[in-house]
Amino acid sequence: MYNPQLETFIRVADAGSFNKAAEKSFITPTAVIKQINLLEDSLGVKLFDRTHRGLHLTKAGHSLYQDSKYIIQYCRDSLSRAKNAMQEDSNIIRIGSSPITPAQLLMELWSRVQALHPNIKFQIVPFENTPENAREILANLGKNIDIIGGIFDDTMLGVRCCAGLELIRGPFYCAVSIHHRLATKDKLQLSDLYGENLLLMHRGWSRYVDQLRDDLWQNHPQINIVDFDFYGMDIFNHCENTNDVLLAIPGWANVHPLLKVIPVEWNHCIPYGILHSPVPTPTVQQFLDAAKKVSKELYH
């Protein structure tokens with residue numbers, strides 16, 4: 001960060017001799033003299049008066065001597081601050097948050113993790129839930145975003161090139177417009193969905209959704225299944241505008257103010273947990289290990 005010849009210059013000035021400075025620097029006197037000559041040439045000033053009685057700083061030398069001490073100490077302090085900042089950054093976990101993957105779903109979890117590891121800090125990073133962002137963010141977890149809370153399975157993890165820590169296996173719910181005939185119910189029976197359009201993510205997105213789809217096709221053909229391509233605000237708006245029924249999870253109760261998320265009497269669930277890089281940083285791994293432990297207390 002600074003010219004190392006300045007350190008040699010200070011040693012010579014303090015010692016008053018090339019030979020004594022060479023001893024402290026563990027180099028030859030010739031090498032010391034060469035460094036001082038190069039420094040004087042590069043600065044264009046004479047730093048020492050060289051006499052048979054020894055070395056004496058010139059006025060320029062006195063000025064540079066004081067400034068050099070400050071420069072060297074400032075650079076050392078600057079490097080120390082940079083390392084401290086890097087250490088602080090390494091303890092920060094950036095949590096991606098969107099309407100479909102709200103960070104609030106992890107709040108109870110991370111407060112307990114932080115009690116175990118107070119050195120870990122959290123930062124919310126909002127993002128828009130679009131197909132493009134989903135591909136980019138999930139494939140590059142660890143760069144701008146470290147973790148995201150959401151539903152997943154092995155199929156989705158493989159497609160998105162990320163890893164997941166399952167915290168709980170939660171039930172599927174259904175979302176309907178608050179003006180829908182089913183919105184008055186607190187729990188739905190499968191027969192309540194007869195004659196309705198049920199919006200499901202396309203086959204191949206999740207084996208858990210595919211199992212539900214196959215069950216409905218085989219045992220409840222009265223329910224009309226309609227495929228869609230992506231869980232984003234568009235599909236929630238579509239659900240409200242068309243009066244269709246949308247497959248949902250409890251954590252999406254606040255995604256759309258005009259939709260009601262209702263439990264259903266069926267035995268279909270999907271894993272919910274933490275999406276992260278296949279090669280997490282030590283801090284993220286520490287968080288994941290603690291989250292796994294804490295989740296047993298919270299969810300089991």
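The ring pair (Phe, Tyr, Trp, His ring centres under 6.0 Å) check on F228 picks up Y231, with sequence neighbours excluded. Residues meeting the ring pair (Phe, Tyr, Trp, His ring centres under 6.0 Å) test with F287, sequence neighbours left out: F122. By the side chain to side chain donor-acceptor pair (under 3.5 Å) test, Q73 is found to be paired with D77, residues two or more places apart in sequence or in another chain being considered. Residues satisfying the salt bridge (Lys or Arg N to Asp or Glu O under 4.0 Å) test with D153, not counting sequence neighbours, are none. Shown here are the salt bridge (Lys or Arg N to Asp or Glu O under 4.0 Å) partners of D186, two or more places apart in sequence or in another chain: K260.
Of the listed residues (Q285, K292, K293), just one forms a side-chain hydrogen bond (donor to acceptor under 3.5 Å, both in side chains) with D289, and that residue is Q285.
Between L190 and L216, some side-chain heavy-atom pair lies under the 4.5 Å cut-off. You'll find the side chain of V284 reaches within 4.5 Å of the side chain of T281, heavy atoms only. Contact annotation: the side chain of E196 approaches that of R181 to within less than 4.5 Å [non-hydrogen atoms, C-beta and beyond]. Between L167 and L109, the closest side-chain pair of non-hydrogen atoms falls below 4.5 Å. Looking only at side-chain heavy atoms (C-beta outward), T283 and N119 stay at 4.5 Å or farther from each other. Using a 4.5 Å heavy-atom cutoff, the side chains of W217 and L212 are not in contact.
Here the closest heavy-atom approach between residue P250 and residue P171 is recorded as CD-O, 3.6 Å. The two residues A248 and V261 have their closest heavy-atom pair at CB-CG1, 4.4 Å. Heavy atoms only, all atoms of each residue included: L157 and A163 are closest at CD2-C, 3.8 Å. Counting all heavy atoms, side chain and backbone alike, A21 lies closest to V12 at CB-CG2, 3.6 Å. Residues L199 and H238 come closest through the heavy atom pair CD1-CD2, 3.7 Å. The two residues S277 and L141 make their nearest non-hydrogen contact at CB-O, 3.1 Å.
L38 and I72 fall into different hydrophobic clusters, where Ile, Leu, Val, Met, Phe, Trp and Tyr residues are linked whenever their side-chain heavy atoms come under 4.5 Å apart, directly or through other members. L116 and I93 fall within a single hydrophobic cluster, where Ile, Leu, Val, Met, Phe, Trp and Tyr side chains are chained together by heavy-atom contacts under 4.5 Å. Under a hydrophobic-cluster definition in which Ile, Leu, Val, Met, Phe, Trp and Tyr are linked whenever side-chain heavy atoms come within less than 4.5 Å, directly or via other members, F230 and V255 are assigned to different clusters.
One N or O on the side chain of W252 and one on the backbone of I100 form a donor-acceptor pair closer than 3.5 Å. Between the side chain of N241 and the main chain of N237, a donor-acceptor pair closer than 3.5 Å is present. Looking at S42, its side chain does come within 3.5 Å of a backbone N or O of L39 through a donor-acceptor pair. A distance-only check finds no donor-acceptor pair linking the side chain of Q189 to the backbone of E265 [under 3.5 Å].
Expressed to the nearest 0.5 Å, how far CD of E166 lies from OG of S295 amounts to 9.5 Å. Interatomic distance, SG of C174 versus CG of D244, reported as 11.5 Å (0.5 Å rounding). Summarising the geometry, atom CZ belonging to F18 is positioned 11.5 Å from atom CD1 belonging to I27; distances are rounded to the nearest 0.5 Å. Atom CG of L198 sits about 9.0 Å away from atom CG of N224, to the nearest 0.5 Å. Put simply, CD1 on I274 and SG on C162 are 12.5 Å apart, with the number rounded to the nearest 0.5 Å. Distance CD1/I137 to CD/E128: 10.0 Å, rounded to 0.5 Å.
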Side chain to side chain contact (heavy atoms under 4.5 Å, CB included) evaluation trace for R169 with C269: CA-CA 6 Å; R169 194 155 294 198; C269 300; 3.7 Å; yes
Stepwise side chain to side chain contact (heavy atoms under 4.5 Å, CB included) check, I145 with I95: CA-CA 6 Å; I145 292 174; I95 302 176; over 6 Å; no
Verdict with supporting geometry, N37 and Q5, side chain to side chain contact (heavy atoms under 4.5 Å, CB included): CA-CA 10 Å; N37 289 340; Q5 293 165 358; over 6 Å; no
Audit row: H56, T51, side chain to side chain contact (heavy atoms under 4.5 Å, CB included) steps and yes/no: CA-CA 8 Å; H56 302 282; T51 69; 4.2 Å; yes
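Other residues sharing a hydrophobic cluster with V279 under the 4.5 Å side-chain heavy-atom criterion for ILVMFWY residues do not exist; the residue is a singleton. Grouped by direct or indirect side-chain proximity (heavy atoms under 4.5 Å, Ile/Leu/Val/Met/Phe/Trp/Tyr only), V159 sits alone. Under a 4.5 Å side-chain heavy-atom cut-off, the cluster of Ile, Leu, Val, Met, Phe, Trp and Tyr residues that includes L258 is completed by I178.
Counting non-hydrogen atoms of neighbouring residues, nucleotides and ligands closer than 6.0 angstrom, the CD atom of E132 exceeds 12 such neighbours. Under a cut-off of 6.0 angstrom, the local environment of CG in N267 is sparse, with at most 12 non-hydrogen atoms contributed by other residues, nucleotides or ligands. No more than 12 heavy atoms of other residues, nucleotides or ligands shown are found within 6.0 angstrom of CG on N254.
The closest side-chain donor-acceptor pair between S17 and N19, if any, does not fall under 3.5 angstrom. Side chains of Y208 and H268: no donor on one and acceptor on the other come within 3.5 Å. For Q286 and H117, the side-chain atoms include at least one donor-acceptor pair closer than 3.5 Å.
Within the structure, the side chain to side chain donor-acceptor pair (under 3.5 Å) test picks out the following pairs touching residues 138-150 (sequence neighbours left out): R94-D146, E136-N140, N140-K143. Sorted by first and then second residue, the side chain to side chain donor-acceptor pair (under 3.5 Å) pairs involving residues 20-30 (not counting sequence neighbours) are R11-S25. Pairs engaging residues 208-235 under the salt bridge (charged side-chain N to carboxylate O under 4.0 Å, His left out) rule: R203-D214, D210-R213, R213-D227 [sequence neighbours left out]. Legend: ring pair (Phe, Tyr, Trp, His ring centres under 6.0 Å) pairs involving residues 165-186, not counting sequence neighbours: none detected.
Taking the six-membered ring for Trp, F9 and F48 have ring centres closer than 6.0 Å.
Classification of K46 and E40 as a salt-bridged pair fails, no side-chain N sitting under 4.0 Å from a carboxylate O.
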